[in-house]
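Shown next, in structure tokens, is the structure this report addresses.
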2 protein chains.
Amino acid sequence: MTTINSETEQKILRAAMQIFSIEGFKGARMQEIADKAGINKALLHYYYRNKETLYKASFDTLTFKIFTQVNLTLHKDTPLFTKIENIVAAYIDLIVETPEVPQFILNGIINNQDELIKNMQELPLDIKPFMQQIQNEILKGNIKPIHPAELLINILSLSIFPFAARPVITNVVGKNIEFNFDEFIKSRKKTIPEFIINAIKVEK
Amino acid sequence: MTTINSETEQKILRAAMQIFSIEGFKGARMQEIADKAGINKALLHYYYRNKETLYKASFDTLTFKIFTQVNLTLHKDTPLFTKIENIVAAYIDLIVETPEVPQFILNGIINNQDELIKNMQELPLDIKPFMQQIQNEILKGNIKPIHPAELLINILSLSIFPFAARPVITNVVGKNIEFNFDEFIKSRKKTIPEFIINAIKVEK
DNA sequence: AATTTTCTTAACCAAATAGTTAAACCATAA
DNA sequence: TTATGGTTTAACTATTTGGTTAAGAAAATT
């Protein structure tokens, strides 16, 4: 490859991320990925020695994108409540843009790709400043005592889970009432931060 | 089989649920399931014609267990806040007991087993009374306005997601601070309901 | 004791699929 | 023009694995 990231390589990566997300590691076929990328199997192996290599490249690309994004939001010097809004919005936008992300990550976990998870430790995500900010707000009496890690996990849970569980949600809820998932997600950018802020803020 | 559910059949189902949870449908090997069940492949096919049958049986067994449990909690005639505590506790207990559940369900989703998801519609889960109860509390001014379905989804998100994302959480959080997942989960039976109730209750 | 059901062993088949290889084509840049 | 590296085609291999089969052993049922 002449350039560090040739166009073809990008096409392959994009295709691989999609197929792996939907099919999982074992379920994905190299032929299918090649087809989706608009190339052939031989060229696929020309760029990526084997399935593992391709999978790892896909996983790394996605996680790096997410972690960088989240890390950026966490480090910006904004008031806590605004920051919470930003984190939620960043997550939701990211997932709407590339809906395969949560499935892919969870699939990576499920397939017990321990190595991959270990590699995530190398990724840029430093939650200490955010945790410090929360501690400060607690000390100042602005929010109720809560473990900073727990607050972060709650934010992630509320933002990500509905995407992973989408089919179950639409079926179970839709069975009972009128329900439009896309509208629901749109509204969540507002309702999640509201929910969280209500949960932690101290009435004065 | 003479009895409706022979001991062997149970052993197979248990093994299948575990393997399918970890490996997914494609990733699971019949031989591996047979080994885990302590029997041989021929007998496996003696009880379950093929992989699909076995997968469906596993999925149905698990989902039926969950849905029945949750449905029971939702229908009990308890005050809303108590009910929220009960739902969370029921979920956490259930997952701690059979940790493969969330992974299995998500794997089912990922593998696009549309049929299976459709089958879930047949399962006993009627959320209307719970939604009615929430509406009543809103009208009585006891809790802030929130879409009942959204509240339910929030409850599920906070309860289930950490299990699905466990490896990521332990790595990311553990990288920054001392973190014990089991203790964290234990504490969640209290902190999740607190968090939710704080988020929705009206100060008087 | 006779019979039916459950279970094992072990060999086998067929399909799917990861990965290889070789020969040739094509664009581009030296 | 020629050399190089990206790309295609197509055939081939080796392996994995779902599923079958047959013969019989063990256990339960009659």
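All values derive from a computational prediction rather than experimental measurement. Each chain gets a letter, A, B and so on, in the order its sequence line appears, and its residues count up from 1.
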Point to revise | Centroid-centroid under 6.0 Å between Phe64(A) and Phe59(A) rings | key: no
Check your understanding: So, is Tyr46(B) near the phosphate of dT8(C), with a side-chain N or O under 4.0 Å from OP1 or OP2?
Key -> no
Check your understanding: Any donor-acceptor pair under 3.5 Å linking the side chain of Lys51(B) with the backbone of Ala28(B)?
Key -> yes
Exercise for review: Take the protein atom CG of Leu43(B) and the nucleotide atom P of dT6(C), then report the distance between them rounded to whole Å.
Suggested key: 10 Å
Check your understanding: Going by the angle between their ring planes, with limits at 30° and 60°, are Phe181(B) and Phe163(B) parallel, tilted or perpendicular?
Key -> perpendicular
Point to revise | Asp60(B) bridged to Lys56(B) by N-O distance under 4.0 Å | key: yes
**Study point:** Ion pair check, Glu97(B) and Lys65(B), cut-off under 4.0 Å
**Key:** yes
Practice item. Give a yes/no answer on whether the side chain of Thr8(A) brings an N or O atom under 4.0 Å of OP1 or OP2 in dT7(D). Key: yes
**Study point:** Under-4.0 Å salt bridge between Arg14(B) and Glu9(B)
**Key:** no
Point to revise | Per-nucleotide protein contact string for nucleotides 12-27 of chain C (B base, S sugar-phosphate only, - none; heavy atom under 4.0 Å) | key: -----SBBBB------
**Study point:** Short N-O contact, Lys186(B) and Glu183(B), less than 4.0 angstrom
**Key:** no
Exercise for review: Starting from P on dG18(D), measure out to CD1 on Ile33(B) and report it in whole angstrom.
Suggested key: 8 Å
Check your understanding: Just checking, is any N or O donor in the side chain of Thr68(B) or Asn71(B) under 3.5 Å from an acceptor N or O on the other one?
Key -> no
Practice item. Find the distance Asp35(B):CG to dT8(C):C1' and express it as a whole number of Å. Key: 14 Å
Exercise for review: Could you state the atom-to-atom distance from CG of Asn40(B) to P of dT8(C) in whole Å?
Suggested key: 5 Å
Practice item. Using whole Å, report how far OH of Tyr48(B) lies from P of dC7(C). Key: 12 Å
Point to revise | Protein-nucleotide distance (Leu44(B), atom CG; dT9(C), atom P), rounded to Å | key: 15 Å
Review point. Bend across the helix from dA1(C)-dT30(D) to dA30(C)-dT1(D), to 10°, with axes taken over 5 pairs at each end?
Key: 10°
Practice item. Would you tell me whether Gln31(A) and Asp35(A) have side-chain atoms, one donor and one acceptor, within less than 3.5 Å of each other? Key: yes
